[in-house]
Every structure is written in structure tokens, then in C-alpha cells.
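From a predicted model like this one, the values you see are computed outputs, not experimental measurements.
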There are 2 protein chains.
Amino acid sequence: MKLQQLRYLLAIVENGLNITAAADRLFTSQPGVSKQLRLLEDELGVQIFTRKGKSLDGITEAGQEIVTRAEVIMREVSNIKNIASNLRDDRSGSFSIATTHTQARYVLPSVIQKFRQRFPNVSFNVHQGTSEQIADLVAAGQVDFAIASGSGQGFPELVQLPCFEWDRVILVPGDHPLTKIKAQVSLQDLVHFPLVTYVFSKDGESSFETAFTDQGLTPDVVFTARDADVIKTYVRMGMGVGVVASMAHEQEEEELVSIDARTLFPRCLTWIGFRRDAVLRDYMFEFLQLFAPHLTPEIIRSAHAAPDQTHVERLVNNLQIPFRSRITAG
Amino acid sequence: MKLQQLRYLLAIVENGLNITAAADRLFTSQPGVSKQLRLLEDELGVQIFTRKGKSLDGITEAGQEIVTRAEVIMREVSNIKNIASNLRDDRSGSFSIATTHTQARYVLPSVIQKFRQRFPNVSFNVHQGTSEQIADLVAAGQVDFAIASGSGQGFPELVQLPCFEWDRVILVPGDHPLTKIKAQVSLQDLVHFPLVTYVFSKDGESSFETAFTDQGLTPDVVFTARDADVIKTYVRMGMGVGVVASMAHEQEEEELVSIDARTLFPRCLTWIGFRRDAVLRDYMFEFLQLFAPHLTPEIIRSAHAAPDQTHVERLVNNLQIPFRSRITAG
DNA sequence: CGCGTTTACGTCGTTCGTAACGATA
DNA sequence: TATCGTTACGAACGACGTAAACGCG
């Protein structure tokens with residue numbers, strides 16, 4: 001058994017059992033990958049994949065178990081490389097995070113800019129998705145960090161650290177009736193208008209909906225998007241009243257007026273998570289502190305050393321979690 | 001990085017940083033091992049070992065971390081091989097257990113005999129030590145199973161299953177005053193004689209001592225050994241009264257008489273443990289059931305799937321744990 | 001001078017890429 | 001015929017073992 005064979009195996013799985021595509025991603029020849037897979041199967045005496053004709057058709061039961069073990073192996077291989085790179089003070093490498101649109105568009109740019117100034121030779125990769133997709137990506141080891149909001153429960157292999165809290169804000173065109181209300185806008189006011197807001201997460205973070213239902217109200221959500229910019233576009237078109245994260249409203253933008261909604265909806269928490277068994281590069285510690293200044297290397301290391309998330313939460317309980325209203329200047 | 005390099009690395013560590021010894025155990029040439037170590041260090045750009053002259057002198061801090069990761073990798077490699085071997089119905093392989101003298105000498109022979117009849121091509125290896133050494137060996141992945149008595153707490157990486165309970169027995173020469181006592185011998189009777197018994201474990205299993213101290217008594221232990229046979233020899237010599245596991249007294253042996261001590265000392269539990277992240281060969285399941293018939297493959301699999309030992313204990317709570325007084329006929 | 005490691009070098013097996021072939025839809 | 005995988009083959013590489021040199025106690 002060779003590490004290359006396992007690497008090839010995982011590439012095949014990641015590319016939908018397409019050997020040609022796997023070879024392309026591995027920057028090697030297709031027959032080589034094919035042959036190494038055959039050699040691995042021969043050595044183990046086990047079919048890892050089921051075949052339909054010559055093409056790979058599916059993963060066998062044993063194959064799935066083998067793939068799982070191979071993933072562990074390759075993770076530990078990169079851990080070893082990370083340990084070595086850290087010790088050599090190597091300031092190059094790669095770094096991938098998965099996050100939501102709001103973070104990627106409004107919060108991260110200034111952070112990443114500072115980060116890239118400090119580490120110009122680190123290739124940075126941002127994946128985008130829903131909170132669930134994000135957590136899955138980091139749990140599967142496809143990305144180094146996940147930055148998401150909402151519950152994020154049920155990932156025991158992750159260390160999750162609180163980054164900052166934020167509120168929602170109501171966005172309307174400048175001539176909208178809601179701008180005429182002198183007092184604090186209430187949920188009762190909102191239900192009279194069609195709403196445009198984020199796609200709801202399946203379990204957690206539906207604090208948006210429950211805020212209404214707790215008062216016996218039913219919001220009239222006419223449009224949802226994962227993307228605050230899309231929401232804003234539809235609000236400008238007059239399709240409805242927007243409800244977005246306050247970070248997503250940079251300044252008084254063309255045609256749009258923001259209305260404070262902090263009393264209407266519960267406060268949200270953005271957290272960052274990484275696999276507990278991952279060795280972090282030194283630049284990842286610096287990124288964390290750029291993103292959330294209270295996450296010092298010491299805090300992170302002690303959270304990383306904790307046996308599980310319960311202990312992590314005990315550790316971060318004393319921390320003052322920042323509150324973020326608007327984006328800070330780049 | 002190659003798997004061989006990691007295998008060589010671990011062999012060097014296991015052989016006390018002696019490359020020649022490592023090469024011997026690996027059945028390869030010494031310069032080959034030396035070169036692969038150098039290549040690994042060069043590729044990582046890190047000194048794994050400190051040198052004194054040309055000889056390896058110690059492991060660096062980073063080296064220790066790398067070794068730990070390499071151990072994980074090699075464990076997962078054998079797990080993959082085990083998965084494959086199981087699927088192929090391969091009835092050959094190797095199997096190592098660590099246990100105490102009493103188990104190895106009095107309990108295991110008949111089990112191993114049956115096992116070897118069923119699996120003549122499995123090479124069987126028994127290591128011997130104290131309960132602590134045993135638990136350490138299996139936790140470090142040096143052996144597949146640990147069979148020990150006493151607490152065995154504090155090994156979260158292990159699945160520990162109860163095998164059977166047993167009592168102690170008092171051994172004396174045939175003409176000893178204790179044999180004249182008509183009623184049940186008591187601890188008060190025992191303190192008047194010099195005692196010969198097992199070496200006490202550091203923390204758990206000192207139920208021997210606490211049995212006395214709970215009654216305000218102080219036993220006069222004049223000799224301890226890890227080995228029931230040694231204890232018996234000294235009892236025959238008249239050095240004192242022996243207290244051993246009841247399994248260690250096969251039948252009315254030459255010169256020795258056994259006195260029931262089950263009411264004097266708390267009952268002991270013998271457990272068997274293996275790493276939670278290990279893939280067990282099919283023959284290991286059969287061994288477990290030969291050793292402890294209540295440990296069926298289904299029980300073992302569900303215990304193995306449990307997230308931690310707390311869950312395992314909940315699972316085995318309903319099981320009827322056998323009691324073992326004398327060894328069962330081979 | 002013995003022990004242990006490194007260097008040097010020749011041999012052999014393995015991997016890799018190109019090219020051609022085969023099967024499938 | 002386009003897509004995908006296997007077979008074939010030659011070139012390059014890398015691992016291994018023997019022999020010899022080196023350093024240290």
C-alpha cells in the first residue's frame with residue numbers, strides 16, 4: 001500500500017468515480033491512476049468500487065470503510081506537513097474557508113486584505129454555502145475553517161469558537177410607509193408588508209420565523225435568497241421589505257433606508273470552526289485573531305486542547321464576545 | 001512522504017533510536033533505513049531526532065508530534081488491511097494480547113487451545129505484565145487486546161468489556177493452623193499470620209488492602225509477587241499464608257489446601273479491552289466469545305460503535321457476567 | 001578496534017507518460 | 001462517435017543491498 005494509491009483513491013471518490021477527472025486534478029496521467037487503483041485493489045484482494053462495464057459505478061461497502069480510513073491517513077499526512085512547515089516558519093501554504101455570503105461579501109474582505117498583506121504567499125480560497133453546507137465542508141476536511149451563524153450543533157469533531165454577535169436590520173426604499181413610523185417599528189408593523197429575507201436554515205437560526213410565531217404572527221415572506229445583495233435588489237424593485245444582517249448594509253445606499261430591528265429579533269452569533277484533529281498553520285492563528293481579536297493564540301490553543309465542545313464552551317464563557325453592527329472600515 | 005518512511009521512523013523509535021536494530025526488525029538493510037529517515041527529514045525540513053555525533057540521541061519536540069501522527073497513520077493502514085482480510089475470509093494473520101500471569105497461566109490455555117484449533121494459521125502472541133502495563137500496551141496499539149483485572153479507568157481510547165468475576169482464595173500448607181478453624185476464616189484470623197499475595201496495583205484493585213483497613217486491621221504482607229506460582233512456592237516453603245485468585249488453584253495440589261475467602265474480599269472483575277479505533281479481525285470476535293461466551297459479536301459490535309465507555313457500560317449493564325471459581329477443564 | 005552511521009555504487013523493480021486499443025452508450 | 005478505462009511499452013526514477021569509509025568511545 002502506498003500513500004499515492006490512497007491519494008488517488010480519494011481523488012477518484014471526490015471526482016464522482018471518474019478516473020479521468022481525478023487524473024486531471026492530480027496533474028498526472030489517467031492510465032497511471034487507473035493502474036494504481038487496480039494495484040491497490042489487488043493488494044487488498046478487495047473490490048473497492050463496483051464496475052459497470054469498465055466504468056466505475058459505485059463504492060462497495062468495504063470500499064466506503066477503506067475510503068474513510070484513507071481520509072484519516074491523508075489528514076494526518078497533512079498534519080505532519082503542517083507541523084513541519086510551522087517549525088520552519090514557512091510563510092507559504094494554502095488556506096481555505098467556507099462561509100456564508102454575508103461574511104464573504106461584507107465582513108471578510110478587510111480581514112483577508114490584511115491577511116494577504118502579512119502572508120502574500122498563502123493561497124486563499126473561499127467557499128460559499130448555507131450554514132449546513134459550510135459545517136459539512138469543514139467536518140469533511142474539505143476546508144480548514146467554517147464561518148457560519150446559527151446553531152451549528154451536532155459536529156462533535158469540530159472546535160467552534162464564537163466570533164461576534166450581530167442584529168438584523170430592516171431595509172426599505174426611501175419612500176416606504178415604514179419610514180413614516182415615528183416610534184420603534186414592531187413585528188406587527190412588519191406582517192402587513194411582503195418580506196424579503198434569507199433562506200431559512202433547516203433547524204437552527206430560524207429565529208427569524210419564531211420571532212413572529214412567538215407573538216402569534218405570521219410573516220408574509222414572498223422571496224428568500226442566500227444573498228443579501230439579491231435581497232437588496234428585490235427590495236429596490238419594491239418587491240417587499242428586506243430583513244438582512246446589519247453588516248450587509250454598508251452605508252446609506254442608493255434608494256435604501258435601514259431601520260433598526262435589534263429589538264425585534266434575537267441576536268445572532270457568528271462562529272468559526274475547525275476540526276479538532278487538525279494541526280493549524282501559524283498563519284491560521286493570525287487569521288483567527290484578525291477576524292476576531294479576542295481569539296488569541298492562547299485561547300485557541302486551549303480550546304483546541306479541550307476534549308470536546310462542552311469544554312470549549314466553558315473556556316470561552318468568560319470571553320467578551322464583540323458585537324458587530326456595521327462593517328468596520330477596510 | 002512514503003508510508004515506508006513512517007514505518008521506518010516508528011521502528012527506529014520502538015528500538016530505542018537504534019537504526020541498526022530497527023533495520024534488523026524490519027528485515028532490511030541498515031543503510032536503507034538510515035537513508036529513508038534522512039529523506040523524510042529533508043522533505044519535511046525538520047529534524048525529527050537530535051544527534052550526538054552520528055548516533056541518534058533523542059526525539060525533538062516536533063519529532064514527537066510527527067511520531068504520534070505516524071502512529072495514527074500506521075494504525076489506519078492496518079485497519080484497512082484488516083477490513084480487506086475480513087472480507088476475503090482470510091483465516092490467517094496475527095493476534096497479540098497482553099494479560100496478567102494468572103490469566104495467562106490458568107485461564108487462557110484452554111481458550112487459546114480451542115482458538116488455535118479453529119485458526120491454526122493465526123500467530124498468537126501473549127505479553128505479560130501488571131494491569132497498568134497491560135492497559136498501556138493496548139492503548140499504545142502494541143497489542144490487540146488487554147485482559148486485566150481491577151479498575152482500568154482512565155483509558156478513553158479503549159472499549160472495555162466485562163469478562164467474568166472471581167474471588168480470592170487462601171492457600172496454606174496442609175498442616176497449617178488455619179485449617180483447624182471450623183467456622184469461616186475471618187480477616188481477624190488472617191492478620192495473625194504473615195501473608196504472601198500479589199503485588200498491589202498502584203490505584204485500583206487494592207481492594208485487598210482496603211478490605212483490612214476498612215475493619216481497622218493491618219495485614220502483615222511479607223512477600224508479594226506478580227505470579228501465583230511464585231506465591232504458591234513460598235507458601236509451600238512455609239513463608240506465610242497465600243491469598244491468590246481462585247482460578248490459580250487448580251485442584252488440591254501437593255501440600256496446599258485452599259480456604260474459601262469470598263466473604264473476606266470484594267469480588268474482582270476481569271475485563272478485556274481494545275482500542276475503539278481498531279478494526280477487529282473476524283477471528284478476534286471468535287476469541288472474545290471463546291473467552292467470555294456472553295460477548296457475542298452483536299454485543300461487541302454495538303459496544304464498539306458506542307461513542308465512549310459510558311455508553312459501553314450502559315450496554316453491558318443488562319448482561320449476566322459469568323462467575324469463575326476454578327478453571328474449567330481444558 | 002568495535003559499534004553505529006553515512007557515503008558510494010550497481011542492480012532491479014516501480015512509476016509514469018505516450019500511444020494504441022477496447023468497451024459502452 | 002464521444003467518453004472512459006485498460007493494455008503496451010520505453011524512459012526515468014527510486015529503493016535496496018553490498019562494500020567501504022567515517023566518527024566516536
For [N], take OP1 and OP2 only and decide whether either is under 4.0 Å from a side-chain N or O of [X].
X       : N      : result
A/Thr28 : C/dG17 : yes
B/Lys52 : D/dG23 : no
A/Arg51 : C/dA23 : no

Starting at atom [atom1] of [X], determine the distance to atom [atom2] of [N], rounded to an integer number of angstrom.
X       : N      : atom1 : atom2 : answer
A/Leu37 : C/dC16 : CG    : P     : 13 Å
A/Lys54 : C/dC21 : NZ    : P     : 13 Å
B/Gln30 : D/dA15 : CD    : P     : 17 Å
A/Lys2  : D/dA15 : NZ    : C1'   : 10 Å
B/Asp57 : D/dC24 : CG    : C1'   : 13 Å
A/Asp42 : C/dT14 : CG    : C1'   : 15 Å
A/Met1  : C/dT15 : CE    : C1'   : 18 Å
A/Arg38 : C/dT15 : CZ    : P     : 14 Å

- Item | Polar side chain donor-acceptor pair, B/Tyr198 to B/Thr102, under 3.5 angstrom | yes
- Message: Tell me whether the NZ or CZ atom of A/Arg281 lies within the 45° cone about the ring axis of A/Phe287 and under 6.0 Å from its centre.
- Response: no
Distance-only criterion, 3.5 Å: show the donor-acceptor pairs between side-chain atoms of residues 62-73 of chain A and protein atoms not counting sequence neighbours.
from, atom 1, to, atom 2, distance (Å)
A/Thr68, OG1, A/Gln64, O, 2.9
A/Arg69, NH1, B/Glu76, OE1, 3.2
A/Arg69, NH1, B/Asp277, O, 3.4

- Please list, chain by chain and in numerical order, all residues satisfying ring pair (Phe, Tyr, Trp, His ring centres under 6.0 Å) with A/Phe223, sequence neighbours excluded. A/Tyr234
- Message: Checking A/Tyr8 now: which residues fulfil ring pair (Phe, Tyr, Trp, His ring centres under 6.0 Å) with it, not counting sequence neighbours?
- Response: none
- Task: Could you identify which residues of residues 3-25 of chain B place a heavy atom less than 4.0 Å from some atom of DNA chain C, listed by residue number, or say none?
- Result: B/Leu17, B/Asn18, B/Ile19, B/Thr20
- Message: Within the 4.0 Å limit for protein heavy atoms, which parts of nucleotides 8-13 of chain C are touched? Write it as a string from 5' to 3', B for base, S for sugar-phosphate only, - for none.
- Response: ------
- Please collect all side-chain hydrogen bond (donor to acceptor under 3.5 Å, both in side chains) contacts where either partner lies in residues 36-45 of chain B, sequence neighbours excluded, each pair once. B/Gln5-B/Gln36, B/Glu41-B/Arg51
- Candidate list B/Gln133, B/His101, B/Arg226, test side-chain contact (heavy atoms from CB on, under 4.5 Å), partner B/Gln128, passing option: B/His101
- Would you classify B/Gln36 as touching base, sugar-phosphate or nothing, given that sugar-phosphate means primed atoms plus P, OP1 and OP2, and contacts are heavy atoms under 4.0 Å? sugar-phosphate
- Task: Quick one: label A/Leu39 by what it contacts on the DNA or RNA (base, sugar-phosphate, nothing), any heavy atom closer than 4.0 Å.
- Result: sugar-phosphate
- Do A/Phe124 and A/Phe119 have ring centres separated by under 6.0 Å? no
- Message: Out of the candidates A/Thr99, A/Asp227, A/Asp229, A/Thr100, only one should pair with A/Arg105 under the side-chain hydrogen bond (donor to acceptor under 3.5 Å, both in side chains) rule; please name it.
- Response: A/Asp229
- Does B/Ser55 or A/Gly53 map to a spot on DNA chain C nearer the 5' end, using the closest nucleotide for each? B/Ser55
